[in-house]
Protein chains: 2
Amino acid sequence: MTEEDKQTEEKIFESATEVFVEKGMDGARMQDIANRAGINKSLLHYYYRTKDHLFNAVFEMIAGQMFKKFAPVLDENLPLEEKIRFFFREHIAFMQKNPRLPSFILNELHRNPERIRKLIQNIDINKLWTTIEAQHKEELKRYNITKENIPQFMTTVAGMSVFPFVARPVIASIMEKMGYDFDNYLEERKEYAADFVINALKKQEASNKM
Amino acid sequence: MTEEDKQTEEKIFESATEVFVEKGMDGARMQDIANRAGINKSLLHYYYRTKDHLFNAVFEMIAGQMFKKFAPVLDENLPLEEKIRFFFREHIAFMQKNPRLPSFILNELHRNPERIRKLIQNIDINKLWTTIEAQHKEELKRYNITKENIPQFMTTVAGMSVFPFVARPVIASIMEKMGYDFDNYLEERKEYAADFVINALKKQEASNKM
DNA sequence: TTTATATTTGACCAAATGGTTAAACTAAAT
DNA sequence: ATTTAGTTTAACCATTTGGTCAAATATAAA
């Protein structure tokens with residue numbers, strides 16, 4: 001039945017997501033996925049021909065989900081400063097709920113770089129820049145953000161948000177030794193990161209004037 | 001012979017390093033390692049009993065190498081600002097030569113978090129803080145870096161340095177689309193990151209005074 | 001030179017793993 | 001009720017893979 005059908009196919013997809021995200025493509029085992037879904041291994045091949053197919057389905061969904069999280073930043077009609085706060089709040093919150101996604105995605109992109117082309121092919125980066133520039137012309141000028149240095153700025157912002165999750169095991173261990181709580185650190189990071197970036201920009205602005 | 005011996009064992013180690021760093025533990029194949037070393041697969045087991053043993057040997061060497069790169073920052077007798085510049089220059093330069101190490105290390109720590117304990121067990125973090133505090137008491141106060149928020153600060157700095165390498169495929173692809181050069185971006189990042197961090201601190205300082 | 005020791009190899013093995021298939025089962029259509 | 005189509009399963013297969021072993025080779029010691 002369509003109902004039962006969806007249930008099975010969906011269960012497979014969910015279990016596959018779990019296993020792939022946790023172990024990566026190379027470490028994942030089809031039997032493991034079948035076990036978690038509580039079904040026979042053959043069903044995996046019945047619904048998704050091969051491990052590769054199944055993995056692709058999962059990866060595309062995950063990567064899409066992650067990239068979508070960046071979009072609202074462009075839509076929201078907020079001053080740059082507020083957008084920065086908005087971004088860190090939303091992005092870190094999303095990763096708090098899905099702490100393994102960043103590592104998973106970056107990792108698999110590393111293993112298979114061609115995948116990236118497919119992910120970013122629809123994005124017209126020059127248009128993106130035009131949009132941003134239109135929205136924040138004065139602020140960008142004030143903060144000395146140019147088309148030339150925007151990659152530096154963007155990767156700084158992205159890194160501040162993503163790095164804690166990519167390096168989670170290390171950071172969490174060290175913090176444990178210091179008697180601090182990692183979850184608390186994440187919570188505080190939403191504000192700390194935003195403040196840090198905004199401070200850097202404002203100082204830049206001050207230096208500019210001289 | 002000791003000479004031949006070392007040559008073989010070393011060749012194995014080098015090939016293993018290549019393969020493990022490139023493919024990770026799960027993706028690496030013993031046969032692949034043997035082929036690159038130009039020797040019989042059995043020799044791998046002769047010198048390093050199992051794949052796990054071989055991997056451990058490689059990982060410990062790599063991780064040690066990476067962590068050592070953080071040490072000079074503490075030794076150097078420089079003002080904080082200069083230390084920050086020194087760190088980004090040295091750390092990014094090291095990773096430029098070994099662009100895959102960060103992903104490799106973080107990944108494998110993710111796969112086997114217990115490994116971290118072994119890596120950081122010798123580090124007395126409280127003592128580390130005392131050292132830093134002694135070296136930069138005034139600056140820390142000025143910039144409002146406390147024992148409570150130092151994890152935020154340290155991960156920010158580490159992230160700015162490491163993230164470009166962890167997310168290299170994504171960043172490089174997007175930059176290519178923009179007509180920019182990734183290697184150039186890395187080169188510029190040494191200064192950009194330092195400036196950015198120092199700016200953030202200085203603005204913090206300015207706000208503090210009010 | 002002969003003996004003992006270390007090194008290297010090819011053949012081999014057992015387990016794991018992705019994938020196939022034919023049969024059994026379920027449920028809707030006739 | 002019977003046929004038909006879709007779903008699920010157990011048994012099976014071929015290949016890969018980490019690992020072993022005994023024989024062969026080279027090297028040092030006697």
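Hydrogens, waters and symmetry mates are skipped; everything else that's a heavy atom, side chains included, is used. In the text below, chain A, chain B and the rest are named by the order of the sequence lines, each starting its count at 1.
Protein atom CG of B/Leu43 is 10 Å distant from nucleotide atom P of C/dG10, rounded to whole Å. As rounded to whole Å, 13 Å separates atom C1' of C/dT17 from atom CG of A/Leu44. Between A/Ile12 atom CD1 and C/dG19 atom P there is a gap of 14 Å when expressed in whole angstrom units. The interatomic distance linking B/Ile39 (CD1) with C/dG10 (P) rounds to 11 Å, in whole Å. Put simply, CD on B/Gln7 is 15 Å from C1' on D/dA26, counting in whole angstrom units.
Comparing atom distances between the B/Tyr46 side chain and each of C/dT9, C/dT7, D/dT8 picks out C/dT7 as nearest.
A side-chain donor-acceptor contact under 3.5 Å links A/Lys177 to the backbone of B/Ile120. With hydrogens and angles disregarded, a donor-acceptor distance shorter than 3.5 Å links the side chain of A/Lys51 to the backbone of A/Ala28. In terms of modelled atom types and a separation under 3.5 Å, the side chain of A/Glu108 and the main chain of A/Met25 share a donor-acceptor contact.
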A correct 5'-to-3' footprint of nucleotides 14-20 of chain D, with B, S and - meaning base, sugar-phosphate only and no protein heavy atom under 4.0 Å, is ---SBBB
For residues 52-68 of chain A, please give each side-chain donor-acceptor pair under 3.5 Å, one per line with the distance, not counting sequence neighbours.
from    : atom 1 : to       : atom 2 : distance (Å)
A/His53 : ND1    : A/Thr50  : OG1    : 2.9
A/Asn56 : OD1    : A/Arg115 : NH1    : 2.7
A/Glu60 : OE2    : A/Lys118 : NZ     : 3.4

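Taking A/Thr156 as the reference, B/Met160, B/Arg189, B/Tyr192, B/Phe196 meet the side chain to side chain contact (heavy atoms under 4.5 Å, CB included) condition, with sequence neighbours excluded.
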Between B/His136 and B/Lys83, is a side chain to side chain donor-acceptor pair (under 3.5 Å) present by the stated rule, with each step listed?
CA-CA 11 Å; B/His136 302 287; B/Lys83 270 195 187 176; 3.0 Å; yes
